[in-house]
**Student:** 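My structure is below; once you've seen it, I'll send some questions.
Order of listing sets the numbers, starting from 1, for every ligand and every atom in it.
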Amino acid sequence: MPGRLAIDGGKPIRDTFLPYGKQSISDEDIKLVVEVLRSDWITTGPVLSEFEKKFAEHAGARYAVAVSSGTAALHLSMLAAGLKKGDEVITTPLSFVATANSVVFTGAIPRFCDVQPHYHNIDPAKITSLISDRTRAIVPVDFAGHPCDLREIREICDSEDLIMVQDACHSVSARYDGKRMGAHADMACFSFHPVKNMTTGEGGVVTTNDDRIYETLLSLRNHGINKDSTKRFGKSGGWYYEMKMLGYNYRMTDIQAALGLGQLSRLDDFHAKRLKIVAEYDRAIAEIDGLEIPRVKEDCEHGWHLYTILIDTDKFNAGRDGFYSALRAENIGVNIHYIPIHYHPFYRELLGDLKGSYPVAEDTFSRILTIPLFHDMKRQDIEDTVNALKKVADQYRR
Ligand SMILES: *Cc1c(COP(=O)(O)O)cnc(C)c1O
């Protein structure tokens, strides 16, 4: 007997709310942060340099530039790509708004490209027809942590002379052709917001293998000030610096970088824990008729930022929103990633009403649901989530 749904006045599956994502901070993480607080440097200093070095190694890139957020990472990447007013950038409509916003910050215009069914990443087969003589860059997103089709997108960028900026905010733990996400695009952007796979409170990184891009990113994060000018002018003018381009204060602090070092050393462990949870979800949810579990392509190791299911709404008397409300009432913190970017009022104003233009993304949005996934989930949390899915699906099944 599944029992009456909590939303209809029944007893919820659990008494306390289970969030969809949550950070894990260890005593060692705290120790590292406190050490910085007791030192002479608290903002951009030696710990930041160490974090950047270790992160670049992890990501399989030559350089990493740490910044104040994933959004700042994206913004600086778009500037380093040389985007200007009127330029066009091809990206996915199925992402967090920050992906497209970072394009708009530069005066360039995002041109959305539909996604692939089941994988939710930009569809390379649909990119070429969107390229115009104003197109400068392609910005794919590794949805939920599943790498986008990096080889195909790289080929398009190379043959059309476009810059490839990968939004890897979900995929710090992923691999493509055995390589991490820093190894493929001209720049890859990562986020360390607390719901992501590792955290610095707020924070982000851009990785690159290009010397010139690296220098530009360093300058842009620090007001556009040329870092070498003090060296160049040496003793005669230790006070001297030059601002050569319009930059920002997007610096990360050593306090955050210390937390980042702690988290980075635990990332493999985080990923192993997530993989176990995913295996349990896959096994249990595959048995619930009408719910589709995530798929993983052969050349990919999924980074498992999010675990999303697709609801076959024809099989139920409730739509995705019905599932969302019923599961929330059971105290399961389900969520929705993402409202297609072109649905937002700002983008309707900027680009006109594009509803209907991206049928796969729009269909995905109408049926997708994110269920809880974080490293420290307990066995009971996993069982509660699966039981709540069963309870709600059984109640609503036609
Ligand atoms: C989280 C996220 C961002 C923004 O990162 P912040 O660190 O929150 O600024 C950008 N793109 C995607 C896909 C994200 O998930």
Side-chain angles (χ1 to χ4, degrees), residues 19-23 51 55 59 64-79 81 89-106 110 112-113 115 119-122 137-148 150 153 164-174 181 185 187-207 217 220-221 248-253 256-257 259-260 263-264 274 302-308 335-342 344 346-347 361 364-365 368 370 373-374:
Y20 85 91
K22 193 178 169 186
Q23 72 278 11
F51 176 57
F55 192 88
V65 177
V67 291
S68 51
S69 70
T71 305
L74 284 162
H75 184 191
L76 294 194
S77 298
M78 301 307 161
L79 292 169
V89 172
I90 296 170
T91 188
T92 166
L94 205 62
S95 183
F96 185 50
V97 289
T99 312
N101 289 357
S102 62
V103 173
V104 178
F105 292 161
T106 68
F112 297 117
C113 174
V115 299
Y119 299 100
H120 319 314
N121 282 332
I122 196 166
I138 302 179
V139 183
V141 177
D142 304 321
F143 186 95
H146 189 301
C148 53
L150 288 162
I153 298 168
M164 181 172 170
V165 180
Q166 186 182 356
D167 182 337
C169 287
H170 294 184
S171 52
V172 69
S173 292
M181 296 302 102
M187 287 170 265
C189 300
F190 299 85
S191 164
F192 309 128
H193 181 278
V195 297
K196 304 291 160 70
N197 294 39
M198 59 173 275
T199 189
T200 59
E202 296 280 358
V205 152
V206 186
T207 60
L217 291 167
L220 284 170
R221 109 174 141 190
Y248 299 81
N249 176 359
Y250 279 168
R251 296 186 302 260
M252 180 187 271
T253 66
Q256 292 166 302
L259 181 54
Q263 295 272 301
L264 195 55
R274 291 173 104 96
H302 199 306
W304 295 115
H305 166 50
L306 302 173
Y307 190 100
T308 61
N335 220 310
I336 289 155
H337 297 93
Y338 288 96
I339 301 167
I341 297 176
H342 61 287
H344 289 285
F346 174 84
Y347 283 97
T364 302
F365 164 63
I368 201 165
T370 301
L373 176 63
F374 52 94

**Student:** Could you identify the single nearest non-hydrogen protein atom to atom 9 (O) of ligand 1 and state the distance to 0.1 Å?
**Tutor:**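 Nearest neighbour among protein heavy atoms for atom 9 (O) of ligand 1, to 0.1 Å: Thr71 OG1, 2.5 Å.
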
**Student:** Which atoms of ligand 1 are found less than 4.0 Å from any heavy atom of Ser95?
**Tutor:** 13 (C)

**Student:** Any idea which atoms of ligand 1 are less than 4.0 Å away from a heavy-atom of His170?
**Tutor:** 13 (C), 14 (C), 15 (O)

**Student:** Among protein heavy atoms, which lies nearest atom 5 (O) of ligand 1, and at what distance?
**Tutor:**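 That would be Ser191 OG, 3.3 Å.
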
**Student:** Which distance, rounded to the nearest 0.5 Å, do you find between the NE2 of His302 and the NE2 of His146?
**Tutor:**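 Nearest 0.5 Å value for the NE2-NE2 distance: 6.0 Å.
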
**Student:** Taking the six-membered ring for Trp, are the ring centroids of His75 and Phe105 within less than 6.0 Å of each other?
**Tutor:** yes

**Student:** What are the atoms of ligand 1, with element, lying closer than 4.0 Å to any heavy atom of Tyr338?
**Tutor:** 15 (O)

**Student:** What part of Asp167, side chain from CB on, backbone N/CA/C/O, both or neither, has a heavy atom under 4.0 Å from ligand 1?
**Tutor:**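 Side chain only; the backbone of Asp167 stays clear of ligand 1.
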
**Student:** Please work out, at 4.0 Å between heavy atoms, whether the side chain, the backbone, both, or neither of His305 comes within that distance of ligand 1.
**Tutor:** neither

**Student:** For Ile339, I'd like to know if atom CD1 has over 12 heavy atoms of other residues, nucleotides or ligands within 6.0 Å.
**Tutor:** no

**Student:** Strictly by modelled atom types, are His337 and Thr370 linked by a side-chain donor-acceptor pair under 3.5 Å?
**Tutor:**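 Looking only at side-chain atoms, Thr370 and His337 do form a donor-acceptor pair, the distance falling under 3.5 Å.
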
**Student:** With heavy-atom distances below 4.0 Å as the criterion, list the atoms of ligand 1 near Gly70.
**Tutor:** 5 (O), 6 (P), 7 (O), 9 (O)

**Student:** Is the ring centre of Phe143 less than 6.0 Å from the ring centre of His305?
**Tutor:**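 Ring centroids of Phe143 and His305 are no less than 6.0 Å from each other.
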
**Student:** Ring centres under 6.0 Å, that's the criterion: do Phe190 and His170 meet it?
**Tutor:**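 Distance test on ring centres: not under 6.0 Å, no.
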
**Student:** Heavy-atom distances under 4.0 Å are what count here, so tell me which part of Leu74 touches ligand 1: side chain, backbone, both or neither.
**Tutor:** side chain

**Student:** Identify, by atom number and element, the atoms of ligand 1 in contact range of Thr99, meaning under 4.0 Å from any of its heavy atoms.
**Tutor:** 11 (N)

**Student:** Is the centre of the Phe51 ring less than 6.0 Å from the centre of the Phe192 ring?
**Tutor:** yes

**Student:** When you measure from the heavy atoms of Lys196 to every atom of ligand 1, does any distance fall below 4.0 Å?
**Tutor:** yes

**Student:** Could you tell me whether the side chain of Ile90 reaches within less than 4.5 Å of the side chain of Ile122, counting heavy atoms only?
**Tutor:**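 Answer yes - side chains close enough.
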
